[in-house]
Amino acid sequence: YGEGRYIGYRGLDATNRPVAYPFGHGLSYTNFAYSSLDLAICPVAKSTGQDTPVLTVTFTVSNTGDRAGAAVPQVYPGFPDTTIDRCVRELKAFRRVELEPGQRQTVT
């Protein structure tokens, strides 16, 4: 591939082009709401291990529809001011959450 790491979504982000059908577009029979976003940032130090999380994202997912369903929230951190050649944003975490109507769950 001549695009290197900039294929698919990464290429569209790099060229500022819109996505026709985003991942998960239209695949649910219910509705979800996201609220109570909290970001916990831990400073990076020389002693920070490679697998040590430096950003923890916590939020609430609510099923606001009238049917049971599953949501798959995704976290795409970005580095807008970096001078390093890297993608605009990268998928770093996702979680499948199954909820009954009216049910909510906190996701970390």
* Asked: Could you state the interatomic distance from CZ (F32) to CD (Q105), rounded to the nearest 0.5 Å?
  -> 11.0 Å
* **Any side-chain heavy-atom pair of T56 and L39 under 4.5 Å** => no
* **Sidechain-backbone polar pair: T64 side chain, N31 backbone, donor-acceptor under 3.5 Å** => yes
* Asked: Do other residues, nucleotides or ligands put more than 12 heavy atoms under 6.0 Å from the OH atom of Y34?
  -> yes
Can I get a per-line list of side-chain donor-acceptor pairs under 3.5 Å for residues 76-88, giving both atom names and the distance, sequence neighbours left out?
{"residue": "Y76", "atom": "OH", "partner": "Q74", "partner atom": "OE1", "Å": "2.6"}
{"residue": "T82", "atom": "OG1", "partner": "I84", "partner atom": "N", "Å": "3.1"}
{"residue": "D85", "atom": "OD1", "partner": "Y6", "partner atom": "OH", "Å": "2.5"}

* So which heavy atom on V61 is nearest to which on V107, and how close? -> CG2-CG2, 3.9 Å
* Asked: Below 4.5 Å, heavy atoms only, C-beta onward: do V97 and P73 meet side chain to side chain?
  -> yes
* **From CZ (R95) to CZ (F59), nearest 0.5 Å** => 8.5 Å
* Check whether any side-chain heavy atom of V75 lies under 4.5 Å from a side-chain heavy atom of F94, and answer yes or no. => no
* For the hydrophobic clusters of this structure (ILVMFWY residues joined by side-chain heavy atoms under 4.5 Å, transitively), does one cluster hold both L99 and V72? -> no
* Asked: Okay, side chain of R67, backbone of P101: is any donor-acceptor separation there less than 3.5 Å?
  -> no
* Heavy atoms, side chains only, cut-off 4.5 Å: are V57 and L37 in contact? -> yes
* Enter the distance from D66:CG to E100:CD here, rounded to the nearest 0.5 Å. => 12.0 Å
* Structure fact -> Contacts satisfying salt bridge (charged side-chain N to carboxylate O under 4.0 Å, His left out) that involve residues 9-22 (not counting sequence neighbours) are D13-R89
* First locate atom CG of N63, then atom CZ of R104, and finally report the distance between them rounded to the nearest 0.5 Å. => 11.0 Å
